[in-house]
2 protein chains.
Amino acid sequence: MFSIGEMARRSGVKAATIRYYEQIGLLEQAGRSHGNQRRYGRDELDRLVFIRHARDLGVSVPAIRELIALSGDPQRPCAQADRIASAHLATIREKIARLKRLEAELERIASCKAHTVGECYVLRALGEHDLCEGEH
Amino acid sequence: MFSIGEMARRSGVKAATIRYYEQIGLLEQAGRSHGNQRRYGRDELDRLVFIRHARDLGVSVPAIRELIALSGDPQRPCAQADRIASAHLATIREKIARLKRLEAELERIASCKAHTVGECYVLRALGEHDLCEGEH
DNA sequence: CTACAATCTCGAGCGACTAGAGCTTCAAGA
DNA sequence: TCTTGAAGCTCTAGTCGCTCGAGATTGTAG
């Protein structure tokens, strides 16, 4: 039996966050000790680690909810889990692409050689519309 | 003189967001028409476009506030603006690196060949701790 | 003058936590 | 057994950067 602090240490999820997960129904209501403190078993720890990993991978809470629901029914075809993961992969790739564009732009902007703010490229670049590459 | 809708169209920032920016002091209080509607000039549009660009680049509102304060004093050395941009560049690079790691992991996970959830790698992978590469 | 679109203010809601106040319980040592 | 201090409890509110809706008012074209 683990206390919430044990769970936090073993999973890397803060106690407050564990309570929050319970509150939003991502974790089931934990059993309680005599004095009303939460007590957990292996299964709950496993689920929490699952959640932690998924969150680390940037999976949203609703998506995690779906995955948990899916995994509750092991006979079911896994195409749907696959779909969730793939969709997420696609958004991650988009984010990477977008960030790379930003990196290039900022690199250009940040290599400012001026001495005073008045002639500073950082500030001018942000104000000038024609430097954008047709994004808006 | 532009209405808030004009500003929205020209800058790509929603009217509600323009009001919000005014509320948090990112834009100054706009002048008003006879009937209390906001009216803007060129300068205000320029600043809004500046803000929009910076936000698009992922610069936080506090950082934008700093940049605006800096640009109000054109004699000042621009080293500080430079520093803000560079710091931001560093965080963007970190994000990219992190996302790439996620991409690799998800790629592995998402290539699931199982037929049922019970043997699905997507779900198993998320639950297993030894698949992490020492991140926690 | 009449429609109707645009704008106004105010307040709440989003996602995913996080922090703090003020109280109770647990566990280890004397 | 008692004490003490860490750890837990609940509840509320705050974070960030918007976004939306309700219900009232204003602007403008025909």
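Letters A, B, ... are given to chains in the order of the sequence lines, protein chains preceding strands, and every chain is numbered from 1.
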Using whole Å, what does the distance between atom P of nucleotide dT26(D) and atom CE of Met1(B) come to?
20 Å
Report the residues that fulfil side-chain contact (heavy atoms from CB on, under 4.5 Å) with Ala30(B), sequence neighbours left out, ordered by chain and then residue number.
Glu22(B), Arg38(B), Tyr40(B)
Under 3.5 Å, N/O pairs linking protein and nucleotides 24-27 of chain C:
residue : atom : partner  : partner atom : Å
dC26(C) : OP1  : Ser33(A) : OG           : 3.1
dC26(C) : OP1  : Gly35(A) : N            : 2.8

Hey, are the side chains of Ile51(A) and Leu27(A) touching, using non-hydrogen atoms and a 4.5 Å cut-off?
yes
side-chain contact (heavy atoms from CB on, under 4.5 Å) between Arg32(A) and Arg39(A), intermediate numbers included
CA-CA 5 Å; Arg32(A) 298 295 180 124; Arg39(A) 290 295 176 257; over 6 Å; no
Calculate the interatomic distance between Ile18(B) atom CD1 and dT9(C) atom P; express it in whole Å.
13 Å
Can you tell me the distance, in whole Å, between the CZ atom of Phe2(B) and the C1' atom of dT7(C)?
18 Å
Just how far, in rounded Å, is C1' of dC9(D) from CD of Glu22(A)?
12 Å
For dA16(C), does OP1 or OP2 lie under 4.0 Å from any side-chain N or O of Arg52(A)?
no
Output a table of nitrogen or oxygen pairs between the protein and nucleotides 12-14 of chain D separated by less than 3.5 Å.
none

Should Arg38(A) be listed as having a side-chain N or O under 4.0 Å from OP1 or OP2 of dC9(D)?
yes
Sequence neighbours excluded, which residues qualify as side-chain contact (heavy atoms from CB on, under 4.5 Å) partners of Ala90(A)?
none
What is the distance, to the nearest angstrom, from the CZ atom on Arg19(A) to the C1' atom on dA16(C)?
16 Å
Indicate yes or no: does Arg47(A) engage Asp43(A) in a salt bridge with an N to O separation below 4.0 Å.
no
Partner set under side-chain contact (heavy atoms from CB on, under 4.5 Å) for Arg9(A), not counting sequence neighbours
Glu6(A)
Just to be sure I understand the rule, does Arg32(A) reach a base, reach only the sugar-phosphate, or reach nothing, if contact means heavy atoms closer than 4.0 Å?
sugar-phosphate
Where along nucleotides 15-24 of chain D does protein come under 4.0 Å, by heavy atom, of base (B) or sugar-phosphate alone (S), with - for untouched nucleotides?
--BBSS----
Where Ile68(A) and Leu26(A) come nearest, the two heavy atoms and their spacing:
CD1-O, 4.0 Å
